[in-house]
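Working notes, structure below.
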Amino acid sequence: MDRIKFGAAIGARGELIASQGKGQTVELKAQDIVVYGDCNPEEYPLQPKKQTLEYLREIAHLRFRTNTFAAVFRVRHALAFAIHQFFNDRGFFYIHSPIITGSDAEGAGEMFRVTTLPFDGPPRNEAGEIDFKEDFFGRSTNLTVSGQLEAELAALALSEVYTFGPTFRAENSNTTRHLAEFWMIEPEVAFADLQDNMQLAEDMLQYVIKYALKHCAEDLALLEERLIEEEKSKPQDQRSEMALTEKLHFVTGNEFVRLTYTEAIDILRNSNPNKKGKFQYKIEGWGADLQSEHERYLVEKHFKKPVILTNYPAAIKAFYMRQDEPREDVPGPTVSAMDILFPGIGEIVGGSQREERYDRLVQRMAEMHIPEEEMQWFLDTRRFGSCPHAGFGLGFERLVLFVTGMSNIRDVIPFPRFPGSAEF
RNA sequence: GCCUCAGUAGCUCAGUUGGUUAGAGCGGCGGACUGUUAAUCCGUAGGUCAAAGGUUCAAGUCCUUUCUGAGGCGCCA
């Protein structure tokens, strides 16, 4: 008995009987107990008490053993499984897009270089530049920032596809919702337009959240309890209006609000915080990108539910998004983009109908200085049997963040990678 | 990358306008008790106050730099 300390691994054999204790129905009346692994409590970093998430993050190799993280990772599993099930039920094919990519023209952010060249004295060409022809792949390569372009290639053959894999961004991002290595789901659908795209995203989000509510009830209850405890120490006005499961039911039971960027600007321009100068960035006119504070206002104050914003100004969006027909009531050119904004998380989905018209796409690439010669393989989809299609990217960890009610994205992935940290 | 806040025992924290030997709870160890659920009671050990430098008769407390962590912003999913 002396060896059974907190954290020890034991095996017990005995009779399962009705329990007299509170909060449990059965208990094991042990006949014999084996200690498999001792655990010295003086050295063991975990203790049977509340410990901060920041501290547990520093011992991420042991934090699986806490109730909170065990619950988080079971929910994470359920969500991943539900995503595959959702797409499979709808006839989508799971495509494995490459993790090492030769493309660096996607413009989705800074990339991590993949190389086997030596750092001291790499081979150089006649101009004195590093000669990547000598590198492992015979060219410069990076870790992928998105599987979208490859998914488009597959969609134009298999019609309905999705990717679900690791994604890497070398941005120096220090926030509660960014990681350098994260998992992204990217469906891509042929013959779909922006409306279809929005519907697919909303259906998917509601499906997987319902799945979690149904299959992770105990874990969500534990996480909800944790949140309620945590909020007791916060001032009244910072507490959330809904408990976790109530919030999830609300999202699955209500349609997302859909509005255009232009409509959103009108709402924001006439909003109280804008008139009273409460926004750090005042909304002056049409064309500027929305700041976090603006998105939060729309989602958390104005509509109080998930919001899908569409038809952003072309100037602030990616080259591959489909150009809209000009409209008299819209001040400038727009594209068929959509961002889904969730309370507390911000952007959880970013997508668009794709520009399927070869000439328009090439023209746009030229405007944005995307080297055409490196993108021939992508342009081939538009040269040979192009068709309307649409897709989006869902940040998996942001979804897990929302469903578990955790507040830092570093706590919903087992071993988070972020600037200055790649431990374990 | 920018801004703000924080770093005191294994963990969670208190430490007043700078002023004698730096405190508590939990955890550990020793004992008592026990159908317990974060058990309880008694006793006990445990600290280079993140690091370096400075101001001062005197620094956990003030200043500078560095490191680490958190939050906000930007980049985005």
Side-chain angles (χ1 to χ4, degrees), chain A residues 1-2 5-7 17-29 39-59 62 66-67 106-111 144-148 163-187 201 205 225 229 233-234 238 279-281 288-296 312 316-318 337-342 345-352 391-402 407-413 416 418-421 423:
Chain A
M1 281 300 266
D2 289 353
K5 307 282 190 188
F6 180 72
I17 59 168
S19 178
Q20 297 169 29
K22 275 174 283 182
Q24 61 187 21
T25 52
V26 294
E27 64 184 43
L28 189 71
K29 197 172 173 184
C39 189
N40 181 350
E42 285 191 71
E43 292 173 18
Y44 191 44
L46 289 177
Q47 288 178 15
K49 58 171 287 191
K50 194 174 165 62
Q51 288 178 298
T52 62
L53 296 174
E54 291 79 23
Y55 172 67
L56 294 172
R57 203 174 294 148
E58 289 170 17
I59 49 166
L62 295 172
T66 65
N67 286 334
E106 292 167 38
E110 292 296 311
M111 303 179 96
T144 183
V145 292
S146 163
Q148 180 201 316
T163 69
F164 187 168
T167 310
F168 308 88
R169 305 266 167 97
E171 302 288 346
N172 190 10
S173 295
N174 294 288
T175 78
T176 53
R177 55 189 189 283
H178 288 88
L179 289 166
E181 176 184 289
F182 64 101
W183 288 66
M184 189 153 63
I185 296 104
E186 295 178 287
L205 286 166
E225 197 54 39
E229 281 299 313
S233 60
K234 285 187 187 170
Q238 281 178 31
F279 284 145
Q280 198 182 339
Y281 296 90
D289 208 352
L290 299 179
Q291 305 289 318
S292 288
E293 57 179 350
H294 305 135
E295 295 179 349
R296 292 184 85 104
Y312 282 81
I316 57 172
K317 287 291 180 183
M338 66 160 189
D339 282 1
I340 302 185
L341 310 175
F342 264 34
I345 312 281
E347 186 179 345
I348 195 167
V349 162
S352 70
F392 61 83
L394 167 75
F396 184 56
E397 282 75 17
R398 289 189 182 174
L399 174 66
V400 181
L401 202 53
F402 182 74
S407 48
N408 193 317
I409 202 164
R410 296 169 187 180
D411 294 333
V412 298
I413 187 167
F418 51 93
S421 180
E423 221 182 329

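First the proteins, then the strands, lettered A, B, ... as listed; each starts at 1.
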Next on the checklist: For B:C76, give the paired nucleotide (Watson-Crick: N1-N3 plus N6-O4 or O6-N4; G-U: N1-O2 and O6-N3; both under 3.5 Å), or none.
Outcome noted: none

Next on the checklist: Can you measure A:Glu181 atom CD to B:C76 atom C1' for me and round it to whole angstrom units?
Outcome noted: 17 Å

Checklist entry - Using the benzene-type ring in the case of Trp, are the ring centres of A:Phe279 and A:His294 under 6.0 Å apart? => result yes

Checklist outcome for this item: Answer for the Watson-Crick or wobble partner of B:C62, both distances under 3.5 Å, is B:G54

Checklist entry - Does some side-chain heavy atom of A:Glu171 sit less than 4.5 Å from a side-chain heavy atom of A:His178? => result no

Checklist entry - Is there a donor-acceptor pair closer than 3.5 Å between any side-chain N or O of A:Arg177 and the backbone N or O of A:Arg398? => result no

Next on the checklist: Under 3.5 Å for both donor-acceptor distances, Watson-Crick or wobble: does B:U21 have a partner, and if so which one?
Outcome noted: none

Checklist entry - Once you round it to whole Å, what is the distance between P of B:A77 and CG of A:Leu179? => result 14 Å

Checklist entry - How would you label the contact of A:Leu399 with the nucleic acid (heavy atoms, under 4.0 Å): base, sugar-phosphate, or nothing? => result nothing

Checklist entry - Quick one: are A:Lys5 and A:Asn40 in side-chain contact, heavy atoms under 4.5 Å? => result no

Review item, nucleotides 70-72 of chain B N/O atoms under 3.5 Å of protein N/O:
{"unit_1": "B:A70", "atom_1": "OP1", "unit_2": "A:Arg57", "atom_2": "NH1", "d": "2.3"}
{"unit_1": "B:A70", "atom_1": "OP2", "unit_2": "A:Arg410", "atom_2": "NH1", "d": "3.4"}
{"unit_1": "B:G71", "atom_1": "OP1", "unit_2": "A:Asn408", "atom_2": "ND2", "d": "3.2"}
{"unit_1": "B:G71", "atom_1": "OP2", "unit_2": "A:Asn408", "atom_2": "ND2", "d": "3.1"}
{"unit_1": "B:G72", "atom_1": "OP2", "unit_2": "A:Thr176", "atom_2": "OG1", "d": "3.4"}

Item to check | Which atom of A:Glu397 lies closest to which atom of A:Trp183, heavy atoms considered | outcome: OE1-N, 3.0 Å

Next on the checklist: Under 5.5 Å centre to centre and under 30° between planes: does that hold for A:Phe182 and the six-membered base ring of B:A77?
Outcome noted: yes

Checklist entry - Tell me: CG of A:Asp339 to P of B:C76, nearest whole Å? => result 10 Å

Checklist entry - In terms of ring plane angle, is the pair A:Phe402 and A:Phe342 parallel, tilted or perpendicular, where the classes change at 30° and 60°? => result perpendicular

Checklist outcome for this item: A:Leu62 and A:Leu46 have their tightest heavy-atom pair at O-CD1, 3.5 Å

Checklist entry - If the P atom of B:G18 is compared with that of B:U61, how far apart are they to the nearest Å? => result 11 Å

Checklist outcome for this item: pair_partner(B:G43), Watson-Crick or wobble, both distances < 3.5 Å, evaluates to B:C29

Next on the checklist: In this structure, how many angstroms lie between the P atom of B:C76 and the CD1 atom of A:Ile345, rounded?
Outcome noted: 18 Å

Checklist outcome for this item: When rounded to whole Å, the CD to P distance for the pair A:Gln148 and B:C76 reads 14 Å

Checklist entry - For A:Pro45, does its backbone N or O pair with a side-chain atom of A:Tyr55 as donor and acceptor, under 3.5 Å? => result yes

Checklist entry - Could you state the CG-C1' distance from A:Leu290 to B:G74, rounded to the nearest angstrom? => result 14 Å

Item to check | From CG (A:Leu53) to OG1 (A:Thr66), nearest 0.5 Å | outcome: 8.5 Å

Item to check | Pairing partner (Watson-Crick or G-U wobble, both distances under 3.5 angstrom) of B:U34 | outcome: none

Tabulate protein N/O versus nucleotide N/O from nucleotides 4-15 of chain B, keeping only pairs under 3.5 Å, one per line.
{"unit_1": "B:G10", "atom_1": "N2", "unit_2": "A:Gln47", "atom_2": "OE1", "d": "2.6"}
{"unit_1": "B:G10", "atom_1": "N2", "unit_2": "A:Gln47", "atom_2": "NE2", "d": "3.1"}
{"unit_1": "B:G10", "atom_1": "N3", "unit_2": "A:Gln47", "atom_2": "NE2", "d": "3.0"}
{"unit_1": "B:C11", "atom_1": "O2", "unit_2": "A:Lys49", "atom_2": "NZ", "d": "2.6"}
{"unit_1": "B:U12", "atom_1": "OP1", "unit_2": "A:Thr52", "atom_2": "OG1", "d": "3.0"}

Next on the checklist: I need the CZ-C1' distance between A:Arg398 and B:C75, as an integer number of Å.
Outcome noted: 10 Å

Next on the checklist: Return whichever of A:Ser173 or A:Ser421 has its heavy-atom-nearest nucleotide of RNA chain B closer to the 5' end.
Outcome noted: A:Ser421

Next on the checklist: I'd like the P distance from B:A70 over to B:C62, given in whole Å.
Outcome noted: 24 Å

Item to check | Euclidean distance for P, B:C3 against B:G74 (whole angstrom) | outcome: 16 Å

Next on the checklist: Say we look at B:A50 and B:A9: how far apart would their P atoms be, to the nearest angstrom?
Outcome noted: 8 Å

Next on the checklist: Expressed as a whole number of angstroms, how long is the span from A:Glu171:CD to B:C73:P?
Outcome noted: 17 Å

Next on the checklist: If I pick the C1' atom on B:G10 and the same atom on B:G28, what distance separates them, to the nearest angstrom?
Outcome noted: 8 Å

Checklist entry - What integer number of Å spans the C1' atoms of B:C73 and B:U66? => result 24 Å

Checklist entry - Which atoms form the tightest heavy-atom contact between A:Gly165 and A:Thr167, and what is the distance? => result O-OG1, 3.5 Å

Item to check | Rounded C1' spacing from B:U17 to B:C13 in Å | outcome: 23 Å

Checklist outcome for this item: Scanning all shown strands, the Watson-Crick or wobble mate of B:A6 with both distances under 3.5 Å is B:U68

Checklist outcome for this item: All heavy atoms of A:Met338 vs all of A:Ala201, minimum pair found to be CE-CB, 4.0 Å

Next on the checklist: For the C1' atoms, the ones on B:A14 and on B:G25, what distance do you get once it is rounded to whole angstrom?
Outcome noted: 11 Å

